[in-house]
Enquirer: 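Sharing a structure with you now.
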Amino acid sequence: TAVFTTTDVAKTVKHKYRQAGKYTVRLTVKNQCGDEVRDDVEVEVVSEDCAIPVVEKRKFGKTKLYAHLGLDVEFEFRARGYLKYEIDWNDGTEMDSGLEL
């Protein structure tokens with residue numbers, strides 16, 4: 001059973017993009033009352049030979065991220081009192097989700 005928490009909980013998730021392009025990653029966090037908060041991050045995935053600066057760990061709350069094709073990109077978020085999170089990678093792969101226990 002999930003438990004309401006009054007302290008911040010940090011969660012880090014990883015995802016690997018298989019195609020270059022622009023993606024909008026959407027984080028949705030829901031509490032036990034059904035309230036939800038969403039946050040979007042734009043990710044531009046480029047081939048390794050591109051000279052764009054790459055940040056491979058990103059906190060939600062920022063607006064844009066560059067990543068290299070085929071490498072893991074880490075996302076970190078903090079939430080208080082959440083029960084469930086979902087992350088839509090917007091690339092046709094399955095959503096990432098979990099419960100805070």
Side-chain angles (χ1 to χ4, degrees):
T1 304
V3 177
F4 181 80
T5 177
T6 56
T7 58
D8 285 347
V9 176
K11 176 75 177 171
T12 301
V13 293
K14 294 181 182 182
H15 187 70
K16 188 177 293 187
Y17 285 94
R18 303 287 180 198
Q19 293 184 353
K22 292 182 180 180
Y23 303 91
T24 300
V25 179
R26 172 165 282 174
L27 167 67
T28 304
V29 179
K30 299 177 184 178
N31 69 13
Q32 77 279 12
C33 298
D35 301 316
E36 66 181 42
V37 174
R38 291 185 178 154
D39 194 7
D40 292 344
V41 175
E42 182 182 330
V43 177
E44 185 169 345
V45 179
V46 298
S47 64
E48 288 189 36
D49 56 345
C50 288
I52 296 174
V54 174
V55 178
E56 293 181 2
K57 185 169 185 177
R58 184 61 164 204
K59 291 187 178 185
F60 277 93
K62 306 298 181 187
T63 56
K64 189 159 186 175
L65 163 69
Y66 292 98
H68 277 149
L69 184 64
L71 297 179
D72 282 338
V73 181
E74 289 186 6
F75 293 86
E76 180 181 287
F77 66 92
R78 291 181 150 318
R80 178 178 295 156
Y82 77 96
L83 291 175
K84 183 177 181 180
Y85 73 89
E86 296 175 341
I87 300 176
D88 183 351
W89 302 109
N90 197 24
D91 65 351
T93 60
E94 189 174 324
M95 276 200 246
D96 206 333
S97 63
L99 292 175
E100 175 57 33
L101 302 177

Enquirer: Report the distance from atom CE of Met95 to atom CG of Leu27, rounding to the nearest 0.5 Å.
Expert: 11.5 Å

Enquirer: How many angstroms lie between atom CG of Asn90 and atom CD of Glu42, to the nearest 0.5 angstrom?
Expert: 10.5 Å

Enquirer: Give the minimum heavy-atom separation between Gly70 and Lys16, together with the two atoms involved.
Expert: O-CD, 3.1 Å

Enquirer: Compare all side-chain heavy atoms of Trp89 with those of Val73 and state whether any distance is below 4.5 angstrom.
Expert: no

Enquirer: Find out whether Phe75 and Asp96 are in side-chain contact, i.e. whether some heavy atom of one side chain is under 4.5 Å from a heavy atom of the other.
Expert: no

Enquirer: Could you list the residues that satisfy side chain to side chain donor-acceptor pair (under 3.5 Å) with Thr93, not counting sequence neighbours?
Expert: Asp91

Enquirer: How long is the straight-line distance from NE2 of His15 back to CG of Asp72, given to the nearest 0.5 Å?
Expert: 9.5 Å

Enquirer: Rounded to the nearest 0.5 Å, what separates atom NZ in Lys84 from atom CG in Asn31?
Expert: 13.0 Å

Enquirer: So how far is it from Lys14 NZ to Glu76 CD, rounded to the nearest 0.5 Å?
Expert: 12.5 Å

Enquirer: Quick one: ring-ring contact (aromatic ring centres under 6.0 Å, His included) partners of Tyr23, sequence neighbours excluded?
Expert: Tyr17

